[in-house]
Enquirer: 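Pasting in a structure now, in structure tokens, and then I'll have a few things to ask.
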Amino acid sequence: MGTQESLKAFNKAKDLIPGGVNSPVRAFSSVGGSPLFIAEGKGGYLIDVDGNRYVDFVQSWGPLIFGHRDESIEAAVIKAVKHGLSFGAPTEAETELAELVVSMFDSIDKIRFVSSGTEAVMSAIRLARGFTGRDDIVKFTGCYHGHSDSLLVEAGSGAVTFGNPSSPGVPADFTKHTLLATYNDIDSVKNCFADCSDIACVIIEPIAGNMGLVPADKEFLLELRKICDENGALLIFDEVMSGFRATINGAESITGTKPDIVTLGKVIGGGMPVGAFGARAEIMAQLSPEGPVYQAGTLSGNPVAMAAGLAALSKLKKNVLVMSVLNSRATRLVEGMQKEAESCGITMQIDTRGSMFGFFFNEKPVKNFADACNSDAQLFAKFHSGMLREGFYFACSLYETGFISTATTDEMIEDTIKASARVFKAITDG
Ligand SMILES: *Cc1c(COP(=O)(O)O)cnc(C)c1O
């Protein structure tokens, strides 16, 4: 399997684009090697510029729940393109998509569309601050909420700390309102509220997907809800990744905890750039032009992107069983790989939620970011490159969640498990 063309493309890109990529996680830096340049996608497969074909477990980092080039999404996009790419004036497609999302999420009465998950979360935080009249926010170490300044905050070890920026270019003044807590550890949240009386909101990925797949415990979320209520703080579920991926009715439908604000992205655009945030009417009424909290976007609610999102979500809503089918495939995949790993003496922690799957090369269950960091990164890198050589495209970081689509067939899953057996054996044979 040659990858010369990818390498050539990468070298040229590096001359013009920092690191050769437009989003750092694509660069393969944590697993070694260089990224594949993609020529096309087809159902459950990716095809690179050298003509190699891979079973795709990344699915554009989540959005493509129906795989590449789903016929109904493709047709909806082409139809919309023929009416014009953008108007900067309202279209009915926006209301239709809004109606669909509102029908799926109990906690959302009204919604606003933006163009990325980052934008959705950034706007939701502003809204929470505007609504409560408070400045501070609580986030959890290991949860990712996009790259806006106040959310790019480093993990403080152990004790509650006011966050330090995790990137140069973010003034400490901008992150001094961000408090850090530990995922699945309610005492760490209590400490934040004990330290600070100006907390506008707690933001969490209820099914964390950016430290590997680490779902929050039900009990923990219930407690979190209680603490927010007692202190007049809002609870934000960042479901940019888990929304329409773990379940079609939001994490609230499987955890029993209702958030005040939900942020969405990825699947909601069916592969086009869409983000959204929604809440009950009273909160959304604070948003401009109804209320004083400013938020805007030239391409927000873009008609082509709305058409893709509408096609994807209406298909999901119509096929109520799709999530359980996807989940049994995802479960088969990680259980099969775990069994092969075990027979080579390798311990793997596995989990799934809907079409999301996660695995860690770790002796102990993973409940938070510190646990995730104790995983065997070298083993993951070997697994990743071994599977890639076999024709299976996994996310190039152990801190990412895997995704299957409706185009990921049972046969692809069985082939993946068989390939993993060869890869584990090669790794342990040294
Ligand atoms: C991907 C992601 C984001 C950021 O979305 P972008 O579209 O990449 O800006 C925010 N929150 C979560 C939970 C995500 O997974």
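Counting begins at 1 with the first residue of the sequence. Every value quoted in this text rests on a predicted model; they were computed, and no experiment measured them. Counting convention: from 1, in listed order, for ligands and their atoms alike.
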Enquirer: Assess, by modelled atom type and distance only, whether the side chains of Thr257 and Lys218 contain a donor and an acceptor separated by less than 3.5 Å.
Expert: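 Their side chains do not contain a donor-acceptor pair, so the 3.5 Å distance test is not met.
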
Enquirer: Regarding Asp70 and Ser72, do their side chains bring together a donor and an acceptor under 3.5 Å, going by distance alone?
Expert: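 Per modelled atom types, Asp70 and Ser72 side chains form a pair under 3.5 Å.
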
Enquirer: Tell me: protein heavy atom nearest atom 8 (O) of ligand 1, and distance?
Expert: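 For atom 8 (O) of ligand 1, the nearest protein heavy atom is Thr118 OG1, 4.4 Å.
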
Enquirer: Would you mind listing which atoms of ligand 1 come within a distance below 4.0 Å of any non-hydrogen atom of Glu205?
Expert: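 In order of numbering, the contacting atoms are 13 (C).
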
Enquirer: In the protein, what heavy atom is nearest to atom 3 (C) of ligand 1, and what distance, to one decimal place, separates them?
Expert: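 Residue, atom and distance for the closest contact: Val240 CG1, 3.7 Å.
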
Enquirer: At a non-hydrogen distance cut-off of under 4.0 Å, which region of Thr263 contacts ligand 1 (side chain, backbone, both, or neither)?
Expert: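 Answer for Thr263: neither.
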
Enquirer: Does atom NZ of Lys315 have more than 12 heavy-atom neighbours from other groups under 6.0 Å away?
Expert: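 Yes - once you tally the heavy atoms of other residues, nucleotides and ligands closer than 6.0 Å, there are more than 12.
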
Enquirer: Return yes if a side-chain donor-acceptor contact under 3.5 Å exists between His177 and Asp136, otherwise no.
Expert: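 Yes - a donor-acceptor pair under 3.5 Å links their side chains.
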
Enquirer: For atom 6 (P) of ligand 1, what's the nearest protein heavy atom and its distance?
Expert: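 Ranked first by proximity to atom 6 (P) of ligand 1 is Gly117 N, 3.4 Å.
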
Enquirer: Counting non-hydrogen protein atoms only, what is the nearest one to atom 11 (N) of ligand 1? Give residue, atom name and distance.
Expert: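 Of every protein heavy atom, Asp238 OD2, 2.7 Å lies nearest to atom 11 (N) of ligand 1.
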
Enquirer: Quick one: look at His145 and ligand 1, take heavy-atom pairs under 4.0 Å, and tell me if it's side chain, backbone, both or neither.
Expert: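 Looking at His145 and ligand 1, just backbone atoms fall under 4.0 Å.
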
Enquirer: Got a salt bridge between Asp260 and Arg280, using NZ or NE/NH1/NH2 to carboxylate O under 4.0 Å?
Expert: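 Arg280 and Asp260: salt-bridged.
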
Enquirer: Less than 3.5 Å apart, any donor N or O on the side chain of Gln295 or Arg112 sitting next to an acceptor on the other?
Expert: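 Indeed, the side chains of Gln295 and Arg112 share at least one donor-acceptor pair under 3.5 Å.
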
Enquirer: Per the ring pair (Phe, Tyr, Trp, His ring centres under 6.0 Å) rule, what does the pair list look like for residues 246-302, sequence neighbours excluded?
Expert: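 Ring pair (Phe, Tyr, Trp, His ring centres under 6.0 Å) check on residues 246-302 returns no pairs.
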
Enquirer: For atom 2 (C) of ligand 1, which of the options Lys266, His147, Glu400 provides the nearest non-hydrogen atom?
Expert: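 Residue with the shortest heavy-atom distance to the ligand atom: Lys266.
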
Enquirer: Can you sort out which atoms of ligand 1 are near Ser116, meaning under 4.0 Å from one of its heavy atoms?
Expert: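 Close to Ser116: 7 (O), 9 (O).
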
